[in-house]
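The analysis underlying the following values was restricted to heavy atoms, covering all of them including side chains, and did not include hydrogens, waters or symmetry mates.
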Amino acid sequence: QVQLVESGGGLVQAGGSLRLSCEASGRTLSTYAMGWFRQAPGKEREFVAAITRSGGSTYYADSVKGRFIISRDNAKNTVYLQMNSLKPEDTAVYYCAARYSSTVSYSGNYYDYWGQGTQVTVSS
């Protein structure tokens, strides 16, 4: 009953920044833990970041710590991923996901709803 739509992807030069948004409809997002995942061509989907229901706790993959920031605005039913100091290795399709739980998961297998993805391409 949750529909997720990502936006904000695009082409950016290495070292630049990009802000992804994930807007939810159908239900109040505040009851869901949220995660961001990404998948590069020919590679498996990997965990990027996650945030608890109220935004009190955040979690990041080692590869993006210190560069990416996940946040949420439950009043707007929106989750964000601020990506700074982007590297070509960050190039991938980025997906947001919702999990009806008070806790996050690092595994995409335990999320209930997914967005369609947004392409992020970082050039060198």
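Within the model, atoms OG1 of Thr58 and CD1 of Ile69 stand 9.0 Å from one another, a figure rounded to the nearest 0.5 Å. Between the CD atom of Gln13 and the OG atom of Ser124 there is a distance of 9.5 Å, given to the nearest 0.5 Å.
Counting only heavy atoms from C-beta outward, the side chains of Gln119 and Thr91 approach each other to under 4.5 Å. Using a 4.5 Å heavy-atom cutoff, the side chains of Glu23 and Asn77 are not in contact. Residues Arg53 and Ser30 are not in side-chain contact: their nearest non-hydrogen atoms beyond the backbone lie 4.5 Å or more apart. Counting only heavy atoms from C-beta outward, the side chains of Tyr80 and Asp73 approach each other to under 4.5 Å. For the pair Val104/Ile51, no side-chain contact is recorded, criterion being any heavy-atom separation below 4.5 Å from C-beta on. Counting only heavy atoms from C-beta outward, the side chains of Trp36 and Glu6 approach each other to under 4.5 Å. The side-chain heavy atoms of Met83 and Asp90, taken from C-beta on, include no pair separated by under 4.5 Å. Looking at Tyr111 and Phe37, their side chains come closer than 4.5 Å, going by heavy atoms from C-beta outward.
Heavy-atom minimum distance, Leu20 versus Gly9: CD2-N, 3.6 Å. In terms of heavy atoms, Ala24 sits closest to Leu4 at CB-CD2, 3.6 Å. Of all heavy-atom pairs between Arg38 and Val64, the closest is NH1-CG1, 4.0 Å. For the residue pair Ala40 and Ala92, the shortest heavy atom distance occurs at N-CB, 3.8 Å. Of all heavy-atom pairs spanning Ser21 and Thr78, the tightest one is CB-CG2, 4.4 Å.
The backbone N or O of Thr103 sits less than 3.5 Å from a side-chain atom of Ser101, completing a donor-acceptor pair. Here the side chain of Arg99 pairs no donor or acceptor atom with the backbone of Gly35 at under 3.5 angstrom. A donor-acceptor distance shorter than 3.5 angstrom exists from the side chain of Thr52 to the backbone of Ser57, with no hydrogens or angles considered.
Counting non-hydrogen atoms of other residues, nucleotides and ligands closer than 6.0 Å to CD of Glu44 gives a total of 12 or fewer.
Cluster membership for Val122 and Leu81, using ILVMFWY side-chain heavy atoms within less than 4.5 angstrom, is shared. Linking ILVMFWY residues whenever their side-chain heavy atoms come closer than 4.5 Å, directly or via other members, leaves Tyr59 and Tyr94 in distinct clusters. Under the 4.5 Å side-chain heavy-atom criterion for grouping Ile, Leu, Val, Met, Phe, Trp and Tyr, Val48 is connected to Leu18 within one hydrophobic cluster. Val120 is connected to Tyr60 through a chain of hydrophobic side-chain contacts under 4.5 Å among Ile, Leu, Val, Met, Phe, Trp and Tyr, so both are in one cluster. Tyr95 and Tyr113 are assigned to two separate hydrophobic clusters, defined by single-linkage of ILVMFWY side chains at heavy-atom distances under 4.5 Å.
The salt bridge (Lys or Arg N to Asp or Glu O under 4.0 Å) check on Arg72 picks up nothing, with sequence neighbours excluded.
No side-chain N or O of Ser105 forms a donor-acceptor pair with one of Ser107 less than 3.5 Å apart.
Listed by first then second residue, pairs satisfying disulfide (SG to SG under 2.5 Å) with a partner in residues 2-103 read Cys22-Cys96, not counting sequence neighbours.
Salt bridge Lys65/Asp62: present, at least one basic N to carboxylate O contact under 4.0 Å.
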